[in-house]
Amino acid sequence: MYECEVKMYGSCANGFGTNMSDLDLSFNHSMCRDSIDLIKIMAEYLKELKGITKAEPFTEPKVPYLKIQYYHMQIDMSINNLLAIENSRLLLRYTDYNNCLVGVGLYLKHFIKLMNIDGQTGLSSYACILLLIHYFQNSIPKCLPVLQQEYSSLNKPMKMLNGWNVYFQEAFVKYKRRNHQSQGQLLIGFFAYYSENFDFKNRVVSIHQLNPPMKAQTSFTSPIAIQGPFDLTQNLGSGINEEQSNRIKSIFKQTYRVLSNPRFCFTSRNFEDELLHQLKTN
């Protein structure tokens, strides 16, 4: 008997979505052996359905997908994208531990687009959220636990999927939150951490463990390396070259200088206009 289901992942499932977010879906089929063929078949079928104006297969990426336009909604559908579903479940669990995480995360997603440091040669929205969670885990005092290192047994539990251990503590653990900074203070702290504290040259940003791994322990060579939560060979910064890396770090540093200036009015209604003005004049 064949088993199939459709599950959400990405921004609409991980707690960091807005009404402008694309819908990411995974069509999970227990007997699928060739995702490219299935995507092509689905594209031809979906084109005939009412409301769908586009069903275009993209078979070149590492994870092939189908881009669908359904009325005003854009949908990206992949096949058996099981790790992505687990990634989204993990991020959603983190949002339960600190109510500032989503607010700061949504602003950072907006900020990287505003500053034109997103896209294939920059920071994806997903990479941006991993940067933020890593900072929350390493802030002083800490804002988040490391859920993949939370277990009561002697050895870490094993939950294998596609060759990777996707275990994380799903039950809510007692975590005494000692950091009670506002979203604005945490935003400043984020830019301070990546401007002054994090060693991008030698370290890898990771939410998988508390101490960030050394680049020498991985195969990562990009100037900014961001490790996937479960697939530890995945580098979300692989498309970032030296020039773009310098630009990202420069923008982070300038933003920290502006926001940490006591004369900067963080609560102003024209906060963003003032920030952009300051960044241009610095």
Side-chain angles (χ1 to χ4, degrees), residues 5 7-16 22 24-30 32-36 39 58-65 76-95 105 118-138 144-151 155-170 198 200 202-240:
E5 62 178 0
K7 283 197 169 183
M8 286 195 308
Y9 66 95
S11 296
C12 290
N14 65 22
F16 294 90
D22 295 343
D24 296 308
L25 299 175
S26 175
F27 180 81
N28 303 330
H29 196 297
S30 60
C32 177
R33 295 291 178 265
D34 191 330
S35 60
I36 292 178
I39 279 176
F58 288 81
T59 57
E60 295 300 321
K62 182 180 178 182
V63 179
Y65 67 98
D76 290 342
M77 180 179 285
S78 49
I79 308 296
N80 290 336
N81 203 351
L82 305 179
L83 276 176
I85 295 169
E86 292 301 314
N87 292 341
S88 297
R89 291 180 62 244
L90 174 62
L91 267 58
L92 182 63
R93 200 66 181 114
Y94 272 118
T95 65
D118 61 337
Q120 292 183 341
T121 60
L123 295 168
S124 66
S125 294
Y126 178 43
C128 185
I129 297 303
L130 294 184
L131 285 172
L132 180 62
I133 292 175
H134 171 84
Y135 161 62
F136 269 48
Q137 290 171 334
N138 288 273
L144 287 177
V146 180
L147 291 180
Q148 288 165 274
Q149 291 187 327
E150 290 283 346
Y151 46 89
N155 297 312
K156 183 175 181 177
M158 301 294 286
K159 182 184 175 184
M160 302 305 294
L161 177 65
N162 294 351
W164 297 103
N165 186 3
V166 296
Y167 166 82
F168 65 92
Q169 180 58 262
E170 296 190 51
F198 191 80
F200 280 110
N202 297 303
R203 294 281 185 176
V204 175
V205 176
S206 176
I207 69 170
H208 174 261
Q209 60 191 62
L210 186 59
N211 296 319
M214 301 293 293
K215 274 190 185 177
Q217 298 173 316
T218 71
S219 60
F220 303 159
T221 58
S222 57
I224 295 176
I226 305 167
Q227 190 176 53
F230 299 120
D231 179 351
L232 303 184
T233 64
Q234 182 188 28
N235 178 11
L236 279 300
S238 60
I240 302 174

Original post:
Would a distance-only check, ignoring hydrogens and angles, find a side-chain to backbone donor-acceptor pair under 3.5 Å from T59 to I36?
Top reply: no
Original post:
Measuring from F168:CZ to E86:CD, what's the distance to the nearest 0.5 Å?
Top reply: 6.5 Å
Subject >> Those residues that, when tested against F58, pass ring-ring contact (aromatic ring centres under 6.0 Å, His included) (two or more places apart) >> reply: Y65
Subject >> Closest non-hydrogen atom pair between P212 and R203, with its separation >> reply: O-NH1, 2.5 Å
Subject >> N/O donor-acceptor pair under 3.5 Å between K7 side chain and L82 backbone >> reply: no
Original post:
Within the distance-only criterion (no hydrogens, no angle test), does the side chain of Q227 pair as donor or acceptor with the backbone N or O of V204 below 3.5 angstrom?
Top reply: no
Subject >> Least distance between heavy atoms, K215 atom then S222 atom >> reply: NZ-O, 2.6 Å
Original post:
Just how far is it from atom CG of N235 to atom CG of L232, taken to the nearest 0.5 Å?
Top reply: 12.0 Å
Original post:
Between F230 and Y167, what is the shortest heavy-atom contact and its length?
Top reply: CE2-O, 4.0 Å
**OP:** Starting from the C-alpha separation in whole Å, work towards a yes-or-no answer on side-chain contact (heavy atoms from CB on, under 4.5 Å) for I207 and V146.
**Re:** CA-CA 7 Å; I207 69 170; V146 180; over 6 Å; no
Original post:
Can you list the steps and then say if Q169 with R93 is a side-chain contact (heavy atoms from CB on, under 4.5 Å)?
Top reply: CA-CA 9 Å; Q169 180 58 262; R93 200 66 181 114; over 6 Å; no
Subject >> L147 side, atom CG; L90 side, atom CG - distance, nearest 0.5 Å >> reply: 6.0 Å
**OP:** Keeping the roles fixed (side chain from N81, backbone from L25), state whether a donor-acceptor pair exists under 3.5 Å.
**Re:** no
Original post:
Yes or no on side-chain contact (heavy atoms from CB on, under 4.5 Å) for I240 and L123, after CA distance, side-chain angles and deciding distance?
Top reply: CA-CA 8 Å; I240 302 174; L123 295 168; 3.9 Å; yes
Original post:
Has the side chain of N14 got a donor or acceptor atom that lies under 3.5 Å from a matching backbone atom of L92?
Top reply: no
**OP:** Please round to the nearest 0.5 Å and tell me the distance separating atom NE2 of H134 and atom CG of L144.
**Re:** 12.0 Å
**OP:** Check L236 against Q234 and note the closest heavy-atom contact, atom names and distance.
**Re:** CD2-CD, 3.7 Å
**OP:** Check step by step if side-chain contact (heavy atoms from CB on, under 4.5 Å) holds for F16 and T95.
**Re:** CA-CA 9 Å; F16 294 90; T95 65; 3.7 Å; yes
Under 3.5 Å, which donor-acceptor pairs do the side chains of residues 124-131 form with other protein atoms, sequence neighbours left out?
{"from": "S124", "atom 1": "OG", "to": "A127", "atom 2": "N", "distance (Å)": "3.0"}
{"from": "Y126", "atom 1": "OH", "to": "N87", "atom 2": "ND2", "distance (Å)": "3.2"}

Original post:
Which atoms form the tightest heavy-atom contact between F220 and T218, and what is the distance?
Top reply: N-OG1, 3.1 Å
Subject >> N28 vs N80 side-chain heavy atoms within contact, under 4.5 Å >> reply: yes
Subject >> Minimum side-chain heavy-atom gap Y94-F136 below 4.5 Å >> reply: no
Original post:
About how many Å separate OG of S11 and CG of D22, when rounded to the nearest 0.5 Å?
Top reply: 8.5 Å
Original post:
Which atoms form the tightest heavy-atom contact between S206 and H208, and what is the distance?
Top reply: OG-N, 3.1 Å
Original post:
How long is the gap from NE2 on H29 to CD1 on I79, to the nearest 0.5 Å?
Top reply: 9.5 Å
Original post:
Y9 and side-chain hydrogen bond (donor to acceptor under 3.5 Å, both in side chains): which partner among S88, S78, S26?
Top reply: S78
Original post:
Does N165 reach the main-chain N or O of K159 with its side chain, forming a donor-acceptor pair under 3.5 Å?
Top reply: yes
Original post:
Counting heavy atoms not belonging to E5, are there more than 12 under 6.0 Å from its CD?
Top reply: yes
Original post:
Which class fits the ring pair F200 and F198: parallel under 30°, tilted 30 to 60°, perpendicular over 60°?
Top reply: perpendicular
